[in-house]
Every structure is written in C-alpha cells, then in structure tokens.
Amino acid sequence: MAEETNRLFVGNMPFRMTQEELFDLFAQAGGVASVHVPTDRETGRPRGFGFVEMDDPTGKDQAIQMFNGYSVGGRSLVVNEARPREQRSF
DNA sequence: TTTGAGCGG
C-alpha cells in the first residue's frame with residue numbers, strides 16, 4: 001500500500017503569516033489538504049516555516065513553482081518538498 | 001528565520 005502524501009515545506013515565511021494565510025495562498029495552486037505551522041513551544045516564537053499538504057501531486061508541483069521565491073511580507077517564500085518528520089524510534 | 005505532532009489499549 002503506497003501512501004500518497006504531498007507535503008510541501010515552506011521556509012523563510014514572514015512571522016506574520018499564519019496557517020490560514022498559507023491555506024488561502026496555496027489553495028490558489030490546487031487542492032490543499034491541510035496546513036501545518038509549528039511554533040517553538042520553548043520560546044513561543046514561530047520557527048518561520050510551515051508545511052502544506054496538497055490533495056494532488058499536481059497541485060504540489062504547481063505550488064512549488066508558484067510560491068517558490070514568492071515575495072510576501074517583504075520576504076521570499078521558499079517552497080520545497082517536505083521530508084518525513086523525525087522518527088522517534090531507531 | 002527552514003523539516004511539524006500526538007494517541008489508546
């Protein structure tokens with residue numbers, strides 16, 4: 001069984017950008033499954049990056065080409081394919 | 001400013 005996941009990593013995001021903004025932004029590229037914007041709970045400060053999951057690899061590719069280097073909030077967004085999160089088991 | 005999280009039996 002192959003799990004089809006299309007996750008995008010968004011870096012260099014303006015701290016003012018929220019998951020809602022990401023969702024609306026990436027929704028223009030295709031179907032957005034969900035967005036994830038983690039924050040550092042130790043410092044309470046956003047890490048400046050987020051994750052966006054697309055419903056289709058096509059929208060993912062579109063989002064990468066559409067928003068990779070996209071200027072917003074005075075910052076250029078960096079969009080790439082996301083990597084699987086750390087595995088807590090060896 | 002760059003790779004997230006949380007759960008029951």
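Note that these values count all heavy atoms, side chains included, but never hydrogens, waters or copies made by symmetry.
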Measure the distance from CE on A/Met17 to P on B/dG4 and round it to the nearest whole Å.
20 Å
Which whole-number value in Å describes the distance from A/Leu77 CG to B/dT3 P?
16 Å
Is it possible for you to say whether A/Val78 and A/Val37 belong to one hydrophobic cluster, with membership spreading through side-chain heavy-atom contacts below 4.5 Å?
no
For the pair made of CZ in A/Arg45 and C1' in B/dT2, what is the distance, rounded to whole Å?
13 Å
With a 4.0 Å heavy-atom cut-off, tell me which residues in residues 18-31 of chain A come close to DNA chain B, sorted by residue number.
none
5′-ward residue of the pair A/Arg7/A/Met13 relative to DNA chain B
A/Met13
Side chains of A/Leu22 and A/Val10: does their closest heavy-atom pair fall under 4.5 Å?
yes
Within the structure provided, determine whether A/Phe67 and A/Val72 are in side-chain contact (heavy-atom separation under 4.5 Å).
no
Is there aromatic stacking of A/Phe9 against B/dT3, centre distance under 5.5 Å, plane angle under 30°?
yes
Name the orientation of the base relative to the sugar in B/dG4: syn if the glycosidic angle is within 90° of 0, else anti.
syn
Grab the CG-P distance between A/Asn6 and B/dG4 for me, whole Å please.
19 Å
Rounded off to whole Å, could you give me the CG-to-P distance for the A/Asn80 and B/dG4 pair?
14 Å
Using side-chain heavy atoms (C-beta onward) and a distance below 4.5 Å, is A/Ser34 in contact with A/Phe23?
no
Within a strict 4.5 Å, meaning less than it, do heavy atoms of the A/Arg7 and A/Val52 side chains meet?
no
Look at A/Glu81 together with A/Lys60 and state whether they make a salt bridge at an N to O cut-off of under 4.0 Å.
yes
Just the rounded figure in Å: distance from C1' of B/dT2 to CZ of A/Phe49.
7 Å
